[in-house]
Structures are given as C-alpha cells and as structure tokens.
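Residue numbers begin at 1 in each chain, while the letters A, B, ... track the order of the sequences.
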2 protein chains.
Amino acid sequence: MTEPVGTGTARSARPSPRVAARQADARRRILQAARVVVAEQGFAAAQIAVVADMADVATGTIYRHFPSKASLFSEMLRAVCVRELEVVRAITGEPGRRATDRLGDAVATFVDRALRGEGLAYAVIVEPMDPEVDQVRLDARAELAAAFADLITEGVEAGEFPEQDAGVRGAAIVGAFLEGVVAPLAGRTAHAPDRDAVSTEIARFAQTGVAGTPPGTRPDIRAVPSPTGAEP
Amino acid sequence: MTEPVGTGTARSARPSPRVAARQADARRRILQAARVVVAEQGFAAAQIAVVADMADVATGTIYRHFPSKASLFSEMLRAVCVRELEVVRAITGEPGRRATDRLGDAVATFVDRALRGEGLAYAVIVEPMDPEVDQVRLDARAELAAAFADLITEGVEAGEFPEQDAGVRGAAIVGAFLEGVVAPLAGRTAHAPDRDAVSTEIARFAQTGVAGTPPGTRPDIRAVPSPTGAEP
DNA sequence: GTCACACGTGAACCCTGGTTCAGTACTGAA
DNA sequence: TTCAGTACTGAACCAGGGTTCACGTGTGAC
C-alpha cells in the first residue's frame, strides 16, 4: 500500500471536507461493490479489478482505502455478519417472552432473511476465499452459537428446557439452520425453496430439539465403534 | 499432462505386472500423502510439491496419475466421504430397529469418528480449496442429508415421528452435527472436546428434534419481518 | 547382452491476479 | 492565477505455485 488516506502533512493536515466526503463516498462504493460482486458471482469471481470497475474507481484507489484484498472483503463480510447477529440477538434477548418462542422466531427470522439474500448468504456461509476472511466467518458462527447458547441456558434455568449442554446445542442449532439455508440455495431439496415453509420447518426442528420432550428413549445412544482407519 | 499411464503402443501394450504394481503403489502413496497433508496442514498448505515430497515421487509423476491438482484432491476427498457415508448408511439402514435409535446412533457415530480424525474432518467439512473439490464436499453433504431424510420418512410412515418435511430436517440434522464437529475443533465450546459427551449431546438434539414431542406450542412461529436492506 | 521404449524426474515455464508507483489531475490557500 | 501538495489512475511488476517437457534411467523382449 502507499499511504493510508489522510496523511497529509503540509498545507492541509486534515483533508478538506469536500475531499473527505468524496473519499468516504468512494470507500462506501467500494464496500458496496464488493458486496454486490460476491452476492452475484461469489467469492471466486471477486477480483480487485472487478470490484474497482463496479465501484468506478481505479484498482490503485482501492489500496488507498484498504491495505489488501483480504482486508476489504473481511470488512465487508464483518459488516454483513454483525448486522445479522444484531437481528438475532434482538430476538433472542427480547425480555418477557418464553425462551421457546424466542428461539423459534430467531431461527425462522435468520433463515428467512438469508433466503432473501440468496447469493450473499450462500457465499457468506460456505464459499471460502482466504484465511483472513474465513476467520470472520468462523467468528460470526461462534457468536451466533453463543447467542443461542445463552438463550438455552436461560431456558434451562427457567425450567422451560430439560438439562442439556448449552454450548454444544447452540452450535448445533446454528449448523442446522445454516445448512437449511444452503441446501435450498444449492438447488438440493425436493420442492423449490419456499421461504416460509423452510424457515418454519427449521425453526420447529430447533425448538423441538431443545425444548421438546425426548422420545421414549432407550437410555444409551452409542457411537458404533469402528476403526477410523488411516488406510488409503 | 503427458500421457496417462499405460498407453504403451509398441513392445508392451500393457505395462508388465512389475511396473503396474509399482504404478499402483505410487498412486496409492500419492493419495495417501494428499490425505496426510490435508489432515496435518489443511488444504491451504496442500501444494503439489509437498504431496510429491511426502509420497516420495517427483512432482511430474503426480501428473502421470492425476490430470490436475484439483482432481487429485477431489478423488482423495471423495474416497473419504464415501467411506463415511457408508458407515452412516449402514446404521440408518439397519433393519428391525426403531428409526429413533438408528438416528441417534448414526449421528453419534459420525461425530465420534470425525472427532477422532481431527484435522481431516475439519478440512473436509469447512476448508475450501477449489470449485471442483468443493463440489465433492457439497455432494457428500447432500447424500448425507438424503440418508437422514430417508430415515425420517421411514419414521414418519411408521408413526414413530410426527408429520414433517423430511428433506429439510435431514439437511438440518447434517448441519447440526457438522457444526457440532467443527466447533470443538475450532477451539470454541466451553470444555475441551470430550468426544463421548459431544457426540451424545448432538445425537440427542437430533433425535429430539425429529422424534420428540414439540414443546407446548404457541401455534405460529414467524420470521420477524425486517428489511434485508442492500445498503452499505 | 543389447536395445527400443516407456517411466520417472525436477528444473524451468507461464499464467493469474494482487500489489505497486510514476505520472496526471485536482484541490484550495495565498 | 499560481502552485504546493495530495488524491487518483492504470499499466507494469512480481510472486506463488500448478503444469510441462527434454532428459536420464529402468525394464523386458529378443
């Protein structure tokens, strides 16, 4: 990179308002372009040149705002994830409602939103691109899981849910609905993705899994032992 | 690539047994090396040179057995996935047992095996590397989901499970346990990954989610409507 | 033992795409 | 209007790593 924007020394130590505004605008356009490119073409097609083109700036300009490609996409992705996380937390944290209901609504909402966002969701959830970017994805998953874990803990303490490992089940819920989102987008699943049906179904699954009464149970689930061979 | 192995024309149209054996062995070593490298270092570090080195062949030799890097890793990955899928199907398809029990055991077994395999599982589940390779991963997920969907359908027909969308829940189960595997491996989760505890917990979650009695339910789960803005 | 031929080798090639940087166009104070 | 200094530009640069291929070596029929 050359110099981070805004390191003037002489005349104008601070960029003038007009310039600052233009810069801020360019930065916004670049992030926006990055998002659109990923949503439409996936990370695979997300080249700096393409983003620059769509944002109407030169490739070099991008490096005036972001130190590297990875950091540009990280930031874009982080913003997206933070937004989704906020939405989820807003629901899981709503006071005065049964944990069961909050759980169902949070899951359904997430899935619904993701299915609207189509491409972006797909890329964000599964397509990889670079360790730095992947880290953002992993962190986001962890935070989502934590949000649900918290909710589960609450539910257990309130006597609404049976005793369980909140951490593991929180993660399981996240996995369940992320996969639920990806499967339709990847064109699997029987019927065409019907947002409502899918989100409700997944939500019920999660709800039941956590809050439901276990089926009349033979007490021991066991991993059928089998060598995990390291053979060819 | 030069010429696929075994295209001799003149003297020996078919490679002599000795040579054939040596070739087969090299091929095996290469695949094996690919697997070890991925397990130990992840796809990111999986360079042809590294694999060649570990397999004790020259880089060029690899191209005598595989047309490209992607195809080498695809094949390796496919083999791993097929094996796991077989294990799962063996359990979900066991005749004469309650669907509930088969479900629990299948999930627990998968998780248990994956947690033993550590690195490989992680790479296989989440680390990406190339569209061709990713496709294998996606296919495997789809097949796993199908296996569980079949089981669910059976359970529903047998009156063991309540009415539900088998396709969606099958995918959800897969997502749930894959995430369950990844989370501990990524060093999240409270306690150190205790294989038994984790696999049992996830299995119970899946079991309950599908076969359990839904919690006393306010009838409507709904996605809280909120704009999925395409804002910066 | 000899020889023709395919196998195995690994250094060199080359393509892709991120990053740089010398040049140009603006900006705004004097 | 001038001019110092900054922001923008985009062609050129460069690195990483997959792929190739001209060359020795091993093999096995004669």
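- Atom-to-atom distance recorded for F205(B):CZ and D165(A):CG is 12.0 Å, nearest 0.5 angstrom.
- Checked against dC8(D), dT20(C), dG8(C), the side chain of Q23(A) finds its nearest nucleotide in dC8(D).
- One interatomic measurement links the two molecules: CZ of F66(B) to P of dT20(D), which rounds to 15 Å at whole-angstrom precision.
- Taking atom OH on Y63(A) and atom P on dG17(C), their separation rounds to 13 Å, with Å as the unit.
- The nearest whole Å value for the distance from the CZ atom in R64(B) to the C1' atom in dA22(D) is 12 Å.
- Closest to the side chain of V19(B), from the set dG18(D), dG28(D), dT19(C), is dG28(D).
- Here dG18(C) presents its P atom at 4 Å from NZ of K69(A), a figure rounded to the nearest Å.
- When the C1' atom of dT9(C) is taken as reference, atom CD1 of I62(B) falls 12 Å away, rounded to whole Å.
- F110(B) and F177(B) have tilted rings, their planes meeting at an angle from 30° to 60° on a 0 to 90° scale.
- Taken to the nearest 0.5 Å, the CD atom of E143(A) stands 13.0 Å off from the CZ atom of F148(A).
- Two residues, R22(B) and A44(B), neighbour DNA chain D, and the one matched to the more 5' nucleotide by heavy-atom proximity is A44(B).
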Show the distances under 3.5 angstrom between N or O atoms of the protein and N or O atoms of nucleotides 10-12 of chain D.
residue	atom	partner	partner atom	Å
dG10(D)	N7	T59(A)	OG1	3.4
dG10(D)	N7	G60(A)	N	3.3
dA11(D)	N6	T59(A)	OG1	3.3

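- In this structure, F43(B) atom CZ and dG16(D) atom P are separated by 22 Å, rounded to whole Å.
- We find that NE2 of H65(A) is positioned 15 Å from P of dT20(C), with the value rounded to whole Å.
- In this structure, I48(A) atom CD1 and dC14(D) atom P are separated by 20 Å, rounded to whole Å.
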